[in-house]
Protein chains: 2
Amino acid sequence: MADPIDFYMDFISPFAYLASHRIEEVGRRYGRDVVWRPVLLGPLIQANRAPGVPDQPNKLAYAQRDVPRSARLYGVRIVYPRPQPPDTVTAARAYYWLYDRDPALAKAFAQAVWQGHYGANGPTGTPEQVLVAGEAVGVARADLEAALADPAVKDRLRREVDAAIARGVFGTPFVFVDDEPFWGADRIDQVDRWLERGGW
Amino acid sequence: MADPIDFYMDFISPFAYLASHRIEEVGRRYGRDVVWRPVLLGPLIQANRAPGVPDQPNKLAYAQRDVPRSARLYGVRIVYPRPQPPDTVTAARAYYWLYDRDPALAKAFAQAVWQGHYGANGPTGTPEQVLVAGEAVGVARADLEAALADPAVKDRLRREVDAAIARGVFGTPFVFVDDEPFWGADRIDQVDRWLERGGW
């Protein structure tokens with residue numbers, strides 16, 4: 001028999017409880033014993049907040065492994081980690097200005113922003129990148145520059161964010177199917193099944 | 001065409017980027033348009049930390065919907081939310097004391113603890129519940145009581161938690177397959193595929 005799978009759980013975690021049923025089945029399928037290792041969430045979280053270390057170092061280290069691994073699984077090209085997080089305000093404002101004129105164009109623009117950021121090793125969310133992404137989908141630089149200086153365009157994004165909060169959104173990606181909420185890239189499979197079955 | 005799917009994303013989120021590819025495919029499959037709605041993570045997180053409200057109210061409200069929904073999908077019975085989080089220290093200490101004597105018995109004990117907590121509407125992680133779970137798998141109450149008073153049993157758990165932190169564990173469930181880390185109940189499918197393919 002191959003080496004066992006280590007399954008760390010805290011009795012406090014409902015998701016660990018849900019996972020405990022599935023990991024046993026997976027272990028059996030591939031002839032692996034599953035060793036359960038109870039831990040305590042309190043000290044784990046505390047250790048990730050120790051003074052003098054980056055915020056949540058273990059979680060960040062994991063993300064740097066998990067994000068590219070998930071991307072390979074889904075066949076998505078991604079450059080990660082990025083040297084710095086982008087400023088996304090300008091891109092989001094530009095998006096809604098375009099959306100109110102042409103929703104399909106706005107989506108193409110958003111894809112161009114992401115291509116420049118995660119898909120290639122381009123600049124990071126600068127106004128210049130936003131203008132370039134606009135040009136890539138046929139939006140004149142001068143028009144977009146003028147729109148981004150318009151207070152109404154700034155208000156438009158603010159209202160969207162407020163409406164999202166009022167609807168219960170607390171992170172992204174967040175999906176609503178007929179007001180049924182799904183949070184996280186790892187819930188897209190559930191969105192798929194929800195649509196297939198009409199809920200459960 | 002049925003109502004569109006709302007897809008909230010922040011350009012900053014690599015997981016939103018990954019999900020953007022998959023949600024479009026899902027939308028096409030079920031004849032639903034997907035409306036992309038850029039938001040800003042900063043204000044979303046801030047709104048969940050407002051003074052005078054419970055910590056992360058939107059996130060908690062979502063968990064109360066997501067946990068039972070996931071349980072129904074996986075066919076796992078769960079009572080959730082619980083009136084109060086359990087104290088899991090005693091159960092974790094008892095687990096390792098049993099594990100060092102009989103790993104299979106320790107796992108049966110852990111399952112009994114979870115059955116009493118999430119599977120039924122039983123008491124919540126008290127020492128009494130731990131003793132009852134022990135009895136349910138044939139462990140004499142007096143023996144377990146004596147073990148739980150032993151400083152060596154307390155040290156055993158402390159060493160496990162320290163070792164988990166040193167290994168990079170920051171939450172649960174957390175799975176290692178040959179030192180490849182997977183965090184979250186929503187990564188069990190990836191564990192499955194990792195074992196099937198021998199990695200990717």
Side-chain angles (χ1 to χ4, degrees), chain A residues 5-19 21-23 26 30 36 38-40 43-44 47-48 58-59 62 67 70-72 74 76 80 85-86 88 91-92 95 107 110 113-114 118 161 164-165 168-170 172-177 181 183 185-186 188 191-192 195 200, chain B residues 5-19 21-23 26 30 36 38-40 43-44 47-48 58-59 62 67 70-72 74 76 80 85-86 88 91-92 95 107 110 113-114 118 161 164-165 168-170 172-177 181 183 185-186 188 191-192 195 200:
Chain A
I5 293 167
D6 281 317
F7 174 66
Y8 291 83
M9 35 72 89
D10 186 329
F11 288 105
I12 210 170
S13 164
F15 289 108
Y17 174 66
L18 294 178
H21 293 77
R22 305 188 62 219
I23 193 68
V26 169
Y30 301 100
W36 289 24
V39 288
L40 303 174
L44 297 190
N48 260 302
N58 277 349
K59 196 169 182 176
Y62 176 78
V67 170
S70 291
R72 293 196 305 275
Y74 300 137
V76 176
Y80 187 86
T88 63
Y95 174 90
K107 191 182 282 187
V113 170
W114 257 336
Y118 282 122
V161 173
I165 291 168
V169 177
F170 55 86
T172 72
F174 207 105
V175 171
F176 281 99
V177 178
W183 173 49
D186 25 46
I188 304 296
V191 170
D192 192 340
L195 286 160
W200 60 78
Chain B
I5 293 167
D6 281 317
F7 174 66
Y8 291 84
M9 37 70 90
D10 186 328
F11 288 105
I12 209 171
S13 164
F15 289 108
Y17 173 67
L18 293 178
H21 294 76
R22 305 187 62 218
I23 194 68
V26 169
Y30 300 100
W36 290 21
V39 288
L40 303 174
L44 295 189
N48 261 303
N58 278 350
K59 195 168 183 178
Y62 176 76
V67 170
S70 291
R72 292 197 305 275
Y74 299 137
V76 176
Y80 188 85
T88 63
Y95 175 90
K107 191 183 283 186
V113 169
W114 257 335
Y118 281 123
V161 173
I165 292 168
V169 177
F170 55 86
T172 73
F174 207 105
V175 172
F176 282 99
V177 178
W183 173 49
D186 25 47
I188 304 296
V191 170
D192 191 341
L195 286 161
W200 59 78

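Every chain is numbered from 1 and lettered A, B, ... according to where its sequence line falls, protein lines coming before strand lines.
No other option in Phe176(A), Tyr30(A), Phe174(A) has as many heavy-atom pairs under 4.5 Å with chain B as Tyr30(A). Top candidate by heavy-atom pairs under 4.5 Å with chain A, chosen from Ile12(B), Leu18(B), Ile188(B), is Ile12(B). Per-residue heavy-atom pair counts under 4.5 Å with chain B were compared for Met9(A), Lys107(A), Arg72(A), His21(A), and the maximum is reached by Lys107(A). Chain A forms more heavy-atom pairs under 4.5 Å with one residue of Val161(B), Val177(B), Val39(B) than with any other, namely Val161(B). Interface summary for chain B: among Ser13(A), Pro14(A), Ala19(A), the most heavy-atom pairs under 4.5 angstrom belong to Pro14(A). When the candidates Ile23(B), Leu40(B), Val191(B) are compared by the number of heavy-atom contacts under 4.5 Å with chain A, Leu40(B) comes out ahead.
Within the 4.5 angstrom heavy-atom criterion, only side-chain atoms of Tyr74(B), from C-beta onward, approach chain A. Looking at Phe7(B), both its backbone and its side chain come within 4.5 Å of chain A, counting heavy atoms on both sides. Interface residue Val113(A): only side-chain heavy atoms are found under 4.5 Å from chain B. Only the side chain of Val76(B) comes within contact range of chain A, with at least one heavy atom under 4.5 Å from a heavy atom of that chain. If you measure heavy-atom distances from Phe15(A) to chain B, the contacts under 4.5 Å come from both the backbone and the side chain.
Annotation: side chain of Leu44(A) is in contact with side chain of Val169(B) (closest heavy-atom distance under 4.5 Å).
Judged by distance alone, the side chain of Trp114(A) and the main-chain N or O of Phe11(B) form a donor-acceptor pair under 3.5 Å.
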Query raised in the report: Are Tyr95(B) and Trp36(A) close enough, and set up right, to give a ring-ring contact (aromatic ring centres under 6.0 Å, His included), and what steps lead you there?
Result: CA-CA 9 Å; Tyr95(B) 175 90; Trp36(A) 289 24; 7.4 Å; no
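When all heavy atoms of Thr172(B) and Ala16(A) are compared, the pair lying nearest together is OG1-CB, 4.1 Å. Across all non-hydrogen atoms, the minimal contact from Tyr62(A) to Phe170(B) is CB-CE2, 3.4 Å.
Side-chain polar atoms of Asp10(B) and Thr88(A) form a donor-acceptor pair below 3.5 angstrom.
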